[in-house]
Engineer: 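Below you'll find the structure I mean.
Per chain, numbering begins at 1; letters A, B, ... match sequence-line order.
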Amino acid sequence: MTGQQCVSGCAHRELATGWALHALEPAEEALVAAHLLDCAECARTIAETELVGAVVGLSVPEAIPSPELEQRVLAVTSMAQAASPPAPMLDLASSTLGSALSELEPASSTPHATGLSPPPQVPSWQRGQEPTCAPGTLVLVSIALLVFAFTFAVLFYAMP
Amino acid sequence: MADAHWWPVRFAGGRRQDPAPQDPARRNPVGWDAPPMPPASGVIERCSDAELARRLRDADPAALAELYQRFGRLCYSLAHRICADAKLAEDVVHEVFLTLWRDPGRFDPARESFATWLITVLHHTAVDAARRQRPSHRPTAAAAPDQEWPVAPVAGTGQATSARVAASQVRAALDQLPGEQRQVLVGAYFGGHTLHEIAAFTGVPLGTVKARLLAGVQRLRVMLAERLGPDALVAEARAVWKLSR
């Protein structure tokens, strides 16, 4: 019975299924990634497997995270993002079908991909605290004014 | 409210201070570097997952907050099932949402649903984390095909009953798989084992393990489609999960 529904088609479908479930060794993963360029059947197999995996994942018993997790997650929005590269630990996570196929295409025009993302947002409670001028500039201007006034006074009183 | 966390001036003492914008997508008119104006109450909750993901490309914190409200507990539950460690599971969830915030372009709505993409990324990240924490030559408890898998009791409503029924149907479909197929599928998905590892600790040839995984997934797909509906399996399952919150 095993495999009776799957005897036809591409011989790499077994590997494609393991790839979608992140159950292959690194060498096999590279093989499947290259194979996906030419095989629509394996791409479809991966999409189907990811769908089945997601449904299975959705049926796990509910576990309650600590309240601190939500605060940690929401805090990421205050991090500077314009110059930050994607998290390196998630390289393997990018091996979903959609992400893998995206990487095979020309660079997208998303703001993040082109470096044209808007500048980091400054929280409203910090925006009013931004200095309008550097402190060092104020010191230099003050010194220049004092020197100018002193010179003017000396010249004024030195005049006959 | 999900967006009350990121817009602290929006409410004070439970009363609105600023008028609600009519168009939630429009920008704050005071400057190009200003954050997007907060959406009207209830608007963000009605956005689809894909719309929220699109808003992330505009660095909208409210979109991330709403996505966490929708998927955070689910992601944690799955990560906890795979990692069997609360702290590690929280680190996994945090990392996935951090990457989602920094690089929302990884999700392509033309290719798959947001739920499928997010759960797949979460699963792969949790498996990576679990593999770093345990020796590879022994099966983990999470890989046991007959592990007790109760559906969490929820407050007694009709919706909660639907959630239990849907989860029970998935479990029942898994139980109907031939034992050798279920062993490989559960060992790979929840145990985080590679097929080579499963072949090693079961003594089954690697080719047979691969064939069992493919056959099991295909068979499960057919059974789930029969039980949950032929279209949008994930949307259906996620909907009942959301109702159980």
Side-chain angles (χ1 to χ4, degrees), chain A residues 1-6 13-15 17-18 21-25 47-66 69-70 72-74 76-77 81 84 86-87 89-90 92-99 101-102 108 110-113 117-119 121 124-125, chain B residues 5-6 9 33 35 57 59 61 64-65 68 74 76-78 80-81 90 93-95 97-99 101-103 105-106 108 111-112 115-117 119-121 123-125 127-128 150-152 167 170-171 188-189 194-196 210-215 217-218 220-221 224 233-234 237-238 241:
Chain A
M1 177 170 59
T2 298
Q4 283 185 350
Q5 302 173 32
C6 318
R13 290 182 69 206
E14 294 173 349
L15 281 179
T17 305
L21 298 181
H22 197 22
L24 299 183
E25 300 295 331
E48 293 172 352
T49 305
E50 287 183 348
L51 190 60
V52 170
V55 173
V56 172
L58 285 161
S59 64
V60 294
E62 186 177 38
I64 309 298
S66 69
L69 177 59
E70 181 174 7
R72 287 178 64 194
V73 169
L74 299 184
V76 306
T77 61
Q81 57 177 324
S84 300
M89 182 179 165
L90 279 182
L92 277 177
S94 67
S95 62
T96 61
L97 174 62
S99 301
L101 294 178
S102 298
S108 66
T110 61
H112 289 269
S117 57
Q121 296 175 5
S124 57
W125 59 88
Chain B
H5 299 284
W6 68 274
V9 300
D33 59 344
R57 299 192 179 204
L64 189 79
Y68 180 81
L74 162 65
Y76 174 78
S77 300
L78 178 56
H80 189 272
R81 177 69 163 82
E90 291 194 355
V93 174
H94 175 260
E95 186 172 335
F97 276 87
L98 175 62
T99 300
W101 173 253
R102 286 182 170 175
D103 193 10
R106 291 193 182 196
D108 184 353
R111 294 199 168 98
E112 55 195 338
T116 301
W117 177 83
I119 295 168
T120 302
V121 171
H123 171 264
H124 292 7
T125 308
V127 165
D128 286 338
V151 177
V170 176
R171 172 61 191 266
Y189 191 83
T194 67
L195 301 183
H196 285 260
K210 291 178 179 177
R212 287 175 178 176
L213 180 66
L214 174 59
V217 167
Q218 294 298 316
L220 189 60
R221 183 176 67 86
L224 289 175
L233 286 178
V234 167
R238 192 188 64 73
W241 174 279

Engineer: At a 4.5 Å cut-off on heavy atoms, which part of B:V127 comes close to chain A: side chain, backbone, both, or neither?
Structural biologist: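 For B:V127, side-chain heavy atoms alone lie under 4.5 Å from chain A.
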
Engineer: Looking at every non-hydrogen atom in both residues, tell me the closest pair between A:A63 and B:S77 and how far apart they are.
Structural biologist: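 Smallest interatomic distance, heavy atoms only, reads N-OG, 2.9 Å.
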
Engineer: I'd like to check the side chain to side chain donor-acceptor pair (under 3.5 Å) partners of B:T194; sequence neighbours left out, ordered by chain and number.
Structural biologist: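 Residues passing side chain to side chain donor-acceptor pair (under 3.5 Å) with B:T194: A:E25.
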
Engineer: Atom CD of A:E50 and atom CD of B:E112: how far apart are they, to the nearest 0.5 Å?
Structural biologist: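 A:E50 CD to B:E112 CD: 5.5 Å, rounded to 0.5 Å.
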
Engineer: Find out whether A:L15 and B:K210 are in side-chain contact, i.e. whether some heavy atom of one side chain is under 4.5 Å from a heavy atom of the other.
Structural biologist: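 When only atoms from C-beta onward are counted, B:K210 and A:L15 do touch, with a gap below 4.5 Å.
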
Engineer: Decide yes or no for A:V60 and B:H80: does some side-chain heavy atom of the first lie under 4.5 Å from some side-chain heavy atom of the second?
Structural biologist: no

Engineer: If you define the side chain from C-beta out and look only at heavy atoms, does anything of A:E48 sit under 4.5 Å from B:Q218?
Structural biologist: yes

Engineer: Quick one, B:L74 and A:L58 - any side-chain contact, counting heavy atoms below 4.5 Å?
Structural biologist: yes

Engineer: For A:V73, is there any backbone N or O sitting under 3.5 Å from a side-chain donor or acceptor partner on B:Y68?
Structural biologist: no

Engineer: Dump the intermediate steps for side chain to side chain contact (heavy atoms under 4.5 Å, CB included) on A:E14 and B:L195, then the final yes or no.
Structural biologist: CA-CA 11 Å; A:E14 294 173 349; B:L195 301 183; over 6 Å; no

Engineer: Rounded to the nearest 0.5 Å, how far apart are CZ of B:F97 and OG1 of A:T77?
Structural biologist: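 One gets 12.5 Å once the value is rounded to the nearest 0.5 Å.
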
Engineer: Please flag which part of B:H94 lies under 4.5 Å from any non-hydrogen atom of chain A: side chain, backbone, both or neither.
Structural biologist: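 Contact with chain A is through both the backbone and side chain of B:H94.
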
Engineer: Among all residues two or more places apart in sequence or in another chain, which pass the side-chain contact (heavy atoms from CB on, under 4.5 Å) test with B:E90?
Structural biologist: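 With neighbours one apart ignored, the set is A:P65, A:S66, A:L69, A:R72, B:Y76.
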
Engineer: To the closest 0.5 Å, what do you measure between CG (B:L214) and OG1 (A:T49)?
Structural biologist: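 Going from CG on B:L214 over to OG1 on A:T49, the span is 7.5 Å.
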
Engineer: Could you tell me whether the side chain of A:T17 and the main chain of B:L213 form a donor-acceptor pair under 3.5 Å?
Structural biologist: no

Engineer: Could you look at A:I64 and say if it's the side chain, the backbone, both or neither that has a heavy atom under 4.5 Å from chain B?
Structural biologist: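 Looking at A:I64, backbone and side chain both touch chain B.
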
Engineer: Taking all heavy atoms of A:V52 and all of B:V217, pick out the closest pair and write down the distance.
Structural biologist: CG2-O, 4.2 Å

